[in-house]
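Heavy-atom basis, side chains included; hydrogens, waters and symmetry copies ignored. Throughout, numbering of the chain's residues begins at 1 and tracks the sequence.
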Amino acid sequence: MTRESGLIRRGVLWLLLLGPFFFLSYGLSNTHTATRDDVGSLVFAWERQMPLWPWTIIPYWSIDLLYGLSFLLPRNRREMDRHALALLTAQLICVACFLLWPLRFTFERPELSGLFGWLFDVLMGFDKPFNQAPSLHIALLVIIWTMFARHVQGPIGRWLMHAWMGLIGVSVLTTWQHHFIDVPTGALVGFVCVWLWPREGRLPLLAMRPATDPKRWRLGAYYSLGAALCAGLALGFGDAWLWLLWPAVALLIVALNYALLGASGFQKGADGRLSTAASALLAPYLLGAWINSRGWTCKHPQADEVCDGVFLGRIPGRGEAAGFTAIVDLCAELPCAYRPGKDTPAPAGYVSVPSLDLVVAELDVLRQAANAIERLRRKGPVLVCCALGFSRSASAVAAWLLVSGRCRRVVEAEALIRLARPGIVLRAAHHHLLTQLETQP
């Protein structure tokens, strides 16, 4: 991909804004917190075994260099601006947290000499042991790491990049700059910022539109209750229970997707993958959704042919797409392991038409899926899939049968699909929507 012109100048302008803002906001919050008498700490007993490795001050400091270099990587203004806005958002969130619930680092670092000691002295001239959770260092690392991961090519370069980024993450502990709680909370902030400012697609905040389907609000309420329960257990019991904050965040995002954001909140790309941020934030939910998908279909994992080379089935795992030249995927919440040309030797295609689970897809989604099915089936067998292959994908196949003229009525299309795959679920709401395709060619 070619780079847009003027990006170097744009990157410099962003750095001229972000640099002073960082030092000003971080420094002022440090100074303010130092005057307070209500600063606590959150440290686990096992952390006292954490070693002090003075040499890791070098990777710790290196994030400043990588921060600047990250502005050389974007290929266009949108990617540049969203990267900068993600960094700015992380700064705002972390500083707000430092002011709302300040924490203090409790270990006393021994005197150090030589180059490493000098680097620590320079750091301590600016950084005080107050601004802890969430770690701004880790939040910025996640954003910068994501940027480098998109652009560094070649196995050796990528391996070295990931190793160094990982070392930076570890260094916040081995330099005795942060307690453990600061690391996952900082990573959470970083991934939230990357999710809020994705490289491509609509911004979640701009995509918010209240759902008109009451069932979406009801499902959103269920997921919100699950998020509240996990958060309550985490905050009520503490210690290892704090990990429940992760599924709490995941369920809260899913609730937002049902109530406001729609399928776009899962950030599933045209290649069948969820964005890095969505994959990280939603990992507990995604694991549950995948187990649910496999549990319901374990006795019938294979796809079933409806007619004319169009098959209906569950979202394929690794190696399960063999024999298909294309896939039309209606699942928003799970990544598709299928890759063009990887599972089949023939030229292959993949079309993602994401829609939410347990609710009826919009008419435009069904039309788009139907058109993709008809176009791709001419090249060979096509798999139409969703999480289970029972509802969303079945309605898409029904739409294809109606749009293509193979069936004239919804009941005919359902009967043909049910003959091939008896377990499909098409309810009255599906029938009502599909009926519009009977009279609207």
Would you call the rings of [X] and [Y] parallel, tilted or perpendicular, where under 30° means parallel and over 60° means perpendicular?
| X | Y | answer |
| --- | --- | --- |
| Trp243 | Trp246 | tilted |
| Phe311 | Phe324 | perpendicular |
| Phe44 | Trp46 | parallel |
| His162 | Trp145 | tilted |

Short question: side chain of [X], backbone of [Y] - any donor-acceptor pair under 3.5 Å?
| X | Y | result |
| --- | --- | --- |
| Arg82 | Trp197 | no |
| Arg392 | Ser355 | yes |
| Trp14 | Met80 | no |
| Ser171 | Ile57 | no |
| Asp182 | His179 | yes |
| Lys215 | Val360 | no |
| Ser391 | Val425 | yes |
| Ser293 | Ala289 | no |
| Trp400 | Ala369 | no |
| Arg158 | Ala149 | yes |

Any chance you could measure [X], atom [atom1], to [Y], atom [atom2], to the nearest 0.5 Å?
| X | Y | atom1 | atom2 | result |
| --- | --- | --- | --- | --- |
| Ile138 | Thr185 | CD1 | OG1 | 9.0 Å |
| Trp241 | Cys230 | CH2 | SG | 10.0 Å |
| Ile315 | Glu333 | CD1 | CD | 7.5 Å |
| Leu219 | Tyr222 | CG | OH | 7.5 Å |
| Phe22 | Leu140 | CZ | CG | 6.5 Å |
| Leu92 | Ser25 | CG | OG | 7.5 Å |

Any salt bridge linking Arg294 with Glu320? Criterion: basic side-chain nitrogen under 4.0 Å from a carboxylate oxygen.
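Here Arg294 pairs with Glu320 in a salt bridge, since their nearest N and O are under 4.0 Å apart.
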Using a strict threshold of under 4.0 Å (side-chain N to carboxylate O), is an ion pair present between Arg150 and Glu79?
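Yes, charged N to carboxylate O under 4.0 Å.
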Could you check whether atom [atom1] of [X] has more than 12 heavy atoms from other residues, nucleotides or ligands sitting under 6.0 Å from it?
| X | atom1 | answer |
| --- | --- | --- |
| Glu47 | CD | yes |
| Ile156 | CD1 | no |
| Trp53 | CH2 | no |
| Arg109 | CZ | yes |
| Glu111 | CD | no |

Are [X] and [Y] close enough that some pair of their side-chain heavy atoms sits under 4.5 Å apart?
| X | Y | answer |
| --- | --- | --- |
| Arg209 | Leu260 | no |
| Ile424 | Leu312 | yes |
| Pro198 | Gln267 | yes |
| Val310 | Glu374 | no |
| Leu245 | Leu188 | no |
| Ser279 | Leu274 | yes |

Using the rule given for ring-ring contact (aromatic ring centres under 6.0 Å, His included), can you reason through His137 versus Tyr60, listing the C-alpha separation, both sets of side-chain angles and the distance that settles it, and then say yes or no?
CA-CA 9 Å; His137 205 88; Tyr60 185 91; 3.9 Å; yes
Audit row: Thr276, Thr146, side-chain hydrogen bond (donor to acceptor under 3.5 Å, both in side chains) steps and yes/no
CA-CA 8 Å; Thr276 301; Thr146 303; 5.8 Å; no
Could you list the residues that satisfy ring-ring contact (aromatic ring centres under 6.0 Å, His included) with Phe116, not counting sequence neighbours?
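By the ring-ring contact (aromatic ring centres under 6.0 Å, His included) rule, Phe116 matches no residue at all.
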For the residue pair Ile143 and Cys193, what are the closest heavy atoms and their distance?
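Shortest heavy-atom separation between Ile143 and Cys193 comes out as CD1-CB, 4.0 Å.
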List the steps, then state whether side-chain hydrogen bond (donor to acceptor under 3.5 Å, both in side chains) holds for Arg314 with Thr297.
CA-CA 8 Å; Arg314 71 183 188 182; Thr297 59; 2.7 Å; yes
